[in-house]
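Here's the structure we're looking at; comments come further down.
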Amino acid sequence: MVFASLFAVTTILERKGLGRFQNRYGPNRVGPYGLLQPLADGLKSLTKEDIVPRSADKVVHLLAPLILVTAAFLGYAVLPIGRNMVAVNLDAGVLYFFAAGSIVEVSIFMAGWSSANKYSLLGAMRAIAQMISYEVPLILSAIVVIMAAGSLSTVTIVEQQAGYTGIFPHWYVFTPWGFAGFVLFMIAATAESNRSPFDLPEGESEIIAGYYIEYSGFKFALFFLGEYLGMFATSGLAITLFLGGWAAPFSFLTWIPSYLWFFLKLLTLIAAFIWARGTFPRLRMDQLMGLAWKFMLPMTLLNIFTAGVWHFMPTGISRWLVCTFLIVAPWMLLSRGLKQRKKLQVRTYRFAE
Amino acid sequence: MTVSFLILAALTIAGTAAAMSLRNLIHCVLTLTLGFVGLAMLYLQLGAQFVGFTQILVYVGAVAILAVFAIMMTQSVGPHVQPALSSFWVPGSVVASAVFAVLAWAICSGATSVRTPPQHDVSVNQIGDALMHKFALPLEIMGLLLTAALIGAVILAMPEKKGEQ
């Protein structure tokens, strides 16, 4: 329920924010400052006619959005959103989260295939190729935290990051491997939730709307809901793994309730998602795959190695230097090396100027 | 035998039976996926978290998708009507019932003689420990095999050079 209302808040924030990014107002008609816009959108999608194409596979067409939303909700069960506030403390919590996420791929295929439409099938193919490619770096970048915490349980991972040195917390993001892991995890999470700049499966200008092109009314709203819920869930997992879960960022701020910290961090990450969407242009398909397999995968593997080095080196400044070097040097070399093969130059447009 | 076991068993059997009998191949894969999910739930019901979640992650997330892609790349687009029974269904059913009879006989004759001591729940930590210490060498060999397979796939997918043709 909380996350569903967060969905409403995020849509209005996103539309307002993107409006400002693109030098326009955004929604401002419904309610004060347009704040009631999500309510109006929801009512509209409820009252809209539900159109099913004649050649569509009716049962699969109906089931796809339902399975998507169910799978998106499943992941929340293991997210600790506050002190002692987790639905189930599973021994294999992180594994459960990724297993629930993998069901989404099946539902996307069902949506794309059952619509009996070229564009929706193309969109589903793209979405699945992208999600499978980025699932690998997503899971591999989470492994460093599992190595450090020595547990797959989300509650234990948060407990391992508790405590403060002076006023600063022991979050994993404040280590060289943790920071690299966090950045890689967030890139993979953006791709996994089909957000811009990785929104090729939707690509309005190429394949119109991707796998949900034939959906209208409330089913379309369900797809939207599922996508946003997936984004919140992966952000929540990023907070749990790298940003100390519900812990306060400074020791003198612990009097603020823990669940408020969780949602504050979540909103910050969502703002970053919106910011990225307003800033970066969409990738091309080969660039997308190249990034996943040539850059993300080697970097995550290297990050795992670095975490091992960190674990076995004595505490002190030397392990900071060695581990930072182990991450930064290959990062620079790899990005330089990948760039070298392509001739980058200013493009001249013949028509669009 | 609890109610939840009966429901899950019915779900699994219904899914796999539908996978064998439906005409549309994509429908078959989707119902087979339902069978996989039911099987994973059965593992979970037995308290095997690691196996259950891995079953979903690997079979639902990867194998089902792979099967779907394989079907779509080898078959012409659109529903393909095929006869429900293939031409060699008689020998097939004989082999299937023979295998079932052997398995049922083995289970029925073995159940009373061997009584395993009650196992305490195996946690994911213990599995990880066992993989890293006792079974480290098999794990490494598996990793090597998978890496070799990955390199082979990359070589297959590489565009052929013009001089080689």
Side-chain angles (χ1 to χ4, degrees), chain A residues 55-57 59-60 63-64 67 70-71 74 78 88-114 116-118 121-122 124-125 127-129 131-132 135-136 138-139 143 146-147 149-153 156 192 289 293-294 297 301, chain B residues 18 22-34 36-37 40-41 43-44 47-73 75 77-79 121-129 132 143 146-147 150-151 153-154 157 159:
Chain A
S55 57
D57 195 311
V59 182
V60 183
L63 280 178
I67 292 180
T70 316
L74 279 178
V78 290
V88 273
N89 180 11
L90 284 178
D91 214 13
V94 180
L95 194 64
Y96 166 84
F97 186 92
F98 289 126
S102 71
I103 301 177
V104 172
E105 287 159 27
V106 178
S107 73
I108 284 176
F109 170 77
M110 284 166 72
W113 177 77
S114 67
N117 182 316
K118 273 184 223 140
L121 196 59
L122 275 176
M125 294 281 223
I128 292 169
M131 288 176 87
I132 287 185
E135 210 171 346
V136 179
L138 188 77
I139 296 178
I143 281 182
I146 295 161
M147 278 166 66
S151 170
L152 275 166
S153 155
T156 318
E192 197 66 9
M289 290 296 158
W293 294 104
K294 291 181 191 159
L297 189 63
L301 289 175
Chain B
L22 285 178
R23 303 293 180 87
N24 192 327
L25 274 180
I26 301 279
H27 284 170
C28 293
V29 175
L30 291 179
T31 46
L32 187 67
T33 314
L34 184 73
F36 287 148
V37 172
M41 298 290 171
Y43 289 141
L44 290 180
Q49 281 188 8
F50 186 77
V51 183
F53 293 143
T54 312
Q55 166 93 6
I56 292 185
L57 194 66
V58 173
Y59 279 85
V60 178
V63 172
I65 298 290
L66 194 71
V68 155
F69 268 66
I71 288 173
M72 287 206 303
M73 281 175 183
Q75 200 189 25
V77 183
D121 273 1
V122 180
S123 74
V124 181
N125 273 338
Q126 283 168 306
I127 296 176
D129 256 0
M132 278 297 147
L146 288 176
T147 315
L150 200 67
I151 293 172
V154 169

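In what follows, every chain begins at residue 1, and chains take the letters A, B, ... in the order their sequences are listed.
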For residues Leu146(B) and Leu150(B), determine if any side-chain heavy atom of one lies less than 4.5 Å from a side-chain heavy atom of the other.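 Not in contact.
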Between CD1 of Ile139(A) and CG of Leu95(A), what distance do you get to the nearest 0.5 Å?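 Reported to 0.5 Å precision, the distance equals 8.0 Å.
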What is the distance from atom CZ of Phe36(B) to atom OG1 of Thr31(B), rounded to the nearest 0.5 Å?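 Rounded to the nearest 0.5 Å, the CZ-OG1 separation comes out at 10.0 Å.
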Quick one: side chain to side chain contact (heavy atoms under 4.5 Å, CB included) partners of Met147(A), sequence neighbours excluded?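 If we apply the side chain to side chain contact (heavy atoms under 4.5 Å, CB included) test to Met147(A), skipping adjacent residues, the hits are Ile143(A), Ile304(A), Ala307(A).
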Name the region of Trp113(A), side chain, backbone, both or neither, that has any atom closer than 4.5 Å to a heavy atom of chain B.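 Side chain only.
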Against chain B, label Val60(A) side chain, backbone, both or neither, depending on which of its atoms sit under 4.5 Å from a heavy atom there.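 For Val60(A), side-chain heavy atoms alone lie under 4.5 Å from chain B.
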Contacts of residues 52-59 of chain B with chain A (heavy atom under 4.5 Å):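 Checking residues 52-59 of chain B against chain A gives Phe53(B), Thr54(B), Ile56(B), Leu57(B).
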Partners meeting side-chain hydrogen bond (donor to acceptor under 3.5 Å, both in side chains) with Thr156(A) (sequence neighbours left out):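 For Thr156(A), the residues satisfying side-chain hydrogen bond (donor to acceptor under 3.5 Å, both in side chains) (neighbours in sequence not counted) are Ser153(A).
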Tell me which donor-acceptor pairs under 3.5 Å the side chains of residues 97-111 of chain A have, and how far apart each pair is, sequence neighbours excluded?
{"unit_1": "Ser102(A)", "atom_1": "OG", "unit_2": "Ala99(A)", "atom_2": "O", "d": "2.7"}
{"unit_1": "Ser107(A)", "atom_1": "OG", "unit_2": "Val104(A)", "atom_2": "O", "d": "2.7"}

Val78(A) to Gly93(A) - nearest heavy-atom pair and separation: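 Val78(A) and Gly93(A) have their closest heavy atoms at CG2-O, 3.7 Å.
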